[in-house]
Amino acid sequence: MTQYSTYSLVLREHIADLDPLIERWTSGHFLLTGAAQDEAGEFVGRLRELRADLASRIARPDLDGRTAPLVADGMTVR
């Protein structure tokens, strides 16, 4: 397994951990009012931002091990 595929796998696992939390907090399972509802909304918003950030990292072309350069430059050898 390459470094790139490992990183991608870790990102996918983190996304899989976030999805149930987002679903639980947006499903209406919790009945919150007032400040608690506002805080929950901020919490869900932050979870969605984190999930979007992780998903965008997976989409980066340099995470695809097949497109990564096979020859190291002088800076990476040190």
Side-chain angles (χ1 to χ4, degrees):
M1 185 174 262
T2 67
Q3 175 184 358
Y4 304 106
S5 60
T6 302
Y7 183 64
S8 179
L9 178 64
V10 168
L11 291 175
R12 291 178 201 281
E13 288 174 353
H14 286 313
I15 289 171
D17 291 340
L18 289 174
D19 285 340
L21 288 172
I22 294 169
E23 176 63 30
R24 180 176 294 154
W25 282 94
T26 58
S27 68
H29 181 76
F30 300 108
L31 299 176
L32 304 172
T33 59
Q37 185 176 18
D38 295 340
E39 287 184 31
E42 290 177 23
F43 176 70
V44 170
R46 182 65 183 133
L47 288 176
R48 287 181 173 155
E49 289 173 10
L50 287 170
R51 189 194 187 289
D53 181 52
L54 294 174
S56 72
R57 291 180 189 191
I58 289 175
R60 287 180 28 197
D62 60 335
L63 291 181
D64 185 356
R66 293 169 291 170
T67 61
L70 298 177
V71 178
D73 64 19
M75 295 303 290
T76 57
V77 172
R78 293 180 194 181

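Just the heavy atoms: all of them, side chains too, but no hydrogens, waters or symmetry mates, feed the values below. What you see is a predicted model; the values in this text were computed from it and never measured.
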I'd like to check the side chain to side chain contact (heavy atoms under 4.5 Å, CB included) partners of Ala40; sequence neighbours left out, ordered by chain and number.
Trp25, Leu32
Suppose the criterion is salt bridge (Lys or Arg N to Asp or Glu O under 4.0 Å): which pairs have a residue in residues 45-54, not counting sequence neighbours?
Asp19-Arg51, Arg46-Glu49, Asp53-Arg57
Out of curiosity, Asp17 CG to Ile22 CD1, how far, rounded to the nearest 0.5 Å?
11.0 Å
Same cluster (ILVMFWY, side-chain, under 4.5 Å), Leu11 and Leu21:
yes
Which pairs, with at least one residue in residues 30-39 and sequence neighbours excluded, count as a side chain to side chain donor-acceptor pair (under 3.5 Å)?
none
Please report the interatomic distance CD1(Ile58) to CD1(Ile15), rounded to the nearest 0.5 Å.
3.5 Å
Holding to side-chain hydrogen bond (donor to acceptor under 3.5 Å, both in side chains), I want the full list of residues that pass it with Arg24, two or more places apart in sequence or in another chain.
none
